[in-house]
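Take a look at the structure set out below.
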Protein chains: 2
Amino acid sequence: MAATKDPRPCSIADALALVGEKYSLLVLREVCLGNGRFDQLVRNIGAPRDVLAARLRRLVEAGILTKRVYSERPQRFEYRATQAGLELEPVLTTLREWGDRHLRKGTDLPMVVEHSCGSPLVTRVTCEACGGVVRHEDLTARPQAPGWTLTGPATA
Amino acid sequence: MAATKDPRPCSIADALALVGEKYSLLVLREVCLGNGRFDQLVRNIGAPRDVLAARLRRLVEAGILTKRVYSERPQRFEYRATQAGLELEPVLTTLREWGDRHLRKGTDLPMVVEHSCGSPLVTRVTCEACGGVVRHEDLTARPQAPGWTLTGPATA
DNA sequence: TATGGTGAGTCCAGTTTTCCAACTCACCGG
DNA sequence: CCGGTGAGTTGGAAAACTGGACTCACCATA
């Protein structure tokens, strides 16, 4: 009598439940750029103030951002990325590169990120174990959750 | 008299406009796993059928998926990732690793991905130019869009 | 030929979210 | 005192999402 409705258990889905709402990743983008004040976020992201306030609460609660006082009297706050937040930066980097390549065809880029080595950042995702570039064909997914196979729920 | 409302021009925002809606990246997850049929997507993702149909239309239109007939009479379709779609896989990989680490603390993972080298995939993002690991502190963002600085719109 | 099942959607009523502008509240600078 | 800034909250209208039920075409089998 199990609800035949539960989706596949998955860390991607869980992560997206936290940062997949509209504007959340853009908040992280601005915070990573060092723009952590409320009004800055409103201007640079273009989100409604109430939605932004909700996102910020959620991200702080999830341990992705912290809210820090940078001035008592007038009390002023600043949001900063935690370690967990910074570890999401590769998601932003990958999305930016993808957008640059596929949506702007590599020209008229609105923002260039430079690596400390001096060149514009182009990233490569490698396997930590063997050092090789990771391609789709080299990956094999192994579901571990009980009741689930690669293709879907076990008919059980 | 420019609308003081335009957000920062940004490829991340543009990319998210395409794949940032609820379920879109989960569709890509399933398609990358080889599960490209409509009913499979419904079951494995848990999305309402009409929302899923809308997402699929949009992703096909954006050139991220293709719709392929795998059986005439009974006509049956299958969605597959295009090259552009496959290039979004690193986003999924990063999100999965982040979720595994921060949401499940590395235990009871619902899905393990194995690299062709034989070990469970753990990725590293490196700079293509110098080969070094990319860290937040090593990045410098340079806005190129006219009217925009790192911190926000130029007062013009 | 009737019965049931699959695949791929569409339709609909009801609930949530989102959007946007306006408003608050505290403080500061002149 | 007046205007401005920072950080939100409030209140509706508009859009998106939700969970079924429904369609339509095509087998399979009995």
Side-chain angles (χ1 to χ4, degrees), chain A residues 1-7 13 16-27 30-31 34-61 65-80 151-153 155, chain B residues 1-7 13 16-27 30-31 34-61 65-80 151-153 155:
Chain A
M1 211 65 23
T4 176
K5 196 63 200 320
D6 323 308
L16 286 173
L18 286 183
V19 300
E21 291 168 301
K22 202 168 181 183
Y23 303 122
S24 292
L25 285 175
L26 298 184
V27 169
E30 287 301 317
V31 167
N35 302 325
R37 330 241 262 244
F38 191 85
D39 276 32
Q40 246 172 348
L41 293 169
V42 169
R43 270 195 304 279
N44 295 354
I45 296 174
R49 308 172 78 85
D50 57 348
V51 175
L52 191 61
R55 293 297 177 272
L56 288 168
R57 263 193 299 275
R58 192 156 168 62
L59 290 172
V60 167
E61 199 184 310
L65 301 182
T66 51
K67 186 178 185 175
R68 199 153 283 218
V69 173
Y70 73 89
S71 153
E72 307 274 356
R73 317 200 29 73
Q75 194 153 49
R76 290 295 133 78
F77 311 99
E78 183 182 22
Y79 293 90
R80 283 162 175 269
T151 56
T155 46
Chain B
M1 214 69 14
T4 177
K5 197 61 199 322
D6 323 306
L16 285 174
L18 286 182
V19 299
E21 291 168 302
K22 202 168 182 181
Y23 303 122
S24 292
L25 285 176
L26 297 183
V27 168
E30 287 301 316
V31 167
N35 303 325
R37 327 241 263 247
F38 190 85
D39 276 31
Q40 246 172 347
L41 293 170
V42 168
R43 271 195 304 279
N44 296 354
I45 295 174
R49 308 174 78 85
D50 58 348
V51 174
L52 190 62
R55 294 295 178 274
L56 288 168
R57 263 194 298 275
R58 193 155 166 61
L59 290 172
V60 167
E61 200 185 309
L65 301 182
T66 51
K67 186 177 186 176
R68 199 153 285 216
V69 172
Y70 73 88
S71 153
E72 309 272 357
R73 320 203 26 72
Q75 194 152 49
R76 291 294 133 82
F77 310 99
E78 182 182 23
Y79 293 91
R80 287 163 173 267
T151 56
T155 47

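Computed from a predicted model, the values in this text were never measured in an experiment. The sequence lines fix the lettering, A, B, ..., with proteins before strands; numbering per chain opens at 1.
With rounding to whole Å, A:Arg43 atom CZ is found 18 Å from C:dC20 atom C1'. Here D:dA25 presents its C1' atom at 9 Å from CZ of B:Arg73, a figure rounded to the nearest Å. Between B:Glu21 atom CD and D:dA15 atom C1' the separation is 12 Å, expressed in whole Å. Between the CG atom of A:Leu56 and the C1' atom of D:dT9 there is a distance of 14 Å, given to the nearest Å. What separates CZ of B:Phe77 from P of D:dA25 is a distance of 13 Å, to the nearest Å. Separating the CG atom of B:Leu52 from the P atom of C:dT10 is a distance of 11 Å, rounded to the nearest angstrom. Taking atom CD of A:Gln75 as the reference point, atom P of C:dT24 lies 22 Å away to the nearest angstrom. Across the protein-nucleic acid pair, B:Arg37 atom CZ and C:dG7 atom P stand 7 Å apart, rounded to whole Å.
Side-chain nitrogen and oxygen atoms of B:Lys22 include at least one within less than 4.0 Å of the OP1 or OP2 phosphate oxygen of D:dT18. Contact annotation: B:Arg55 side-chain N/O to D:dC17 OP1/OP2 distance is under 4.0 Å. Neither OP1 nor OP2 of D:dA16 sits under 4.0 Å from any side-chain N or O of B:Arg58. At the phosphate of D:dG6, neither OP1 nor OP2 sits under 4.0 Å from any side-chain N or O atom of A:Tyr79. Between B:Arg57 and C:dT10, a side-chain N or O to OP1/OP2 separation shorter than 4.0 Å is present. Of the side-chain N and O atoms in A:Lys67, one or more sit less than 4.0 angstrom from OP1 or OP2 of D:dG8. An OP1 or OP2 oxygen of C:dT17 is reached within less than 4.0 angstrom by no side-chain nitrogen or oxygen of A:Tyr23.
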Practice item. Go through the steps to decide whether B:Arg55 and B:Glu21 satisfy the test side chain to side chain contact (heavy atoms under 4.5 Å, CB included), and finish with yes or no. Key: CA-CA 8 Å; B:Arg55 294 295 178 274; B:Glu21 291 168 302; 3.5 Å; yes
Review point. Does the side chain to side chain contact (heavy atoms under 4.5 Å, CB included) test come out yes or no for B:Arg43 and B:Asp39, once each step is laid out?
Key: CA-CA 6 Å; B:Arg43 271 195 304 279; B:Asp39 276 31; 4.1 Å; yes
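The A:Val51 side chain lies nearest to C:dT18 when the options are D:dA7, C:dC28, C:dT18. Of the candidate nucleotides D:dT9, D:dG6, C:dC28, D:dG6 has the atom lying nearest to any side-chain atom of A:Asp39. Of the candidate nucleotides D:dA7, C:dC28, C:dA8, C:dC28 has the atom lying nearest to any side-chain atom of A:Pro74.
Judged by atom type and distance alone, B:Arg49 reaches the base of C:dA8 through a side-chain donor-acceptor pair under 3.5 Å.
Checking side-chain atoms of A:Arg49 against main-chain N and O of A:Phe38 turns up no donor-acceptor pair under 3.5 Å.
Heavy-atom nearest nucleotides on DNA chain D were determined for A:Arg76 and for A:Asp50, and the one closer to the 5' end corresponds to A:Arg76. For A:Glu72 and A:Ala47, each mapped to the nucleotide of DNA chain C holding its nearest heavy atom, the one lying further toward the 5' end belongs to A:Ala47.
Expressed to the nearest 0.5 Å, how far CG of B:Leu56 lies from CZ of B:Phe77 amounts to 12.0 Å. To the nearest 0.5 Å, the span separating CG on A:Leu41 from CD on A:Glu78 amounts to 9.5 Å. Taking NZ from B:Lys67 and CG from B:Leu59, the interatomic distance works out to 13.0 Å, rounded to the nearest 0.5 Å.
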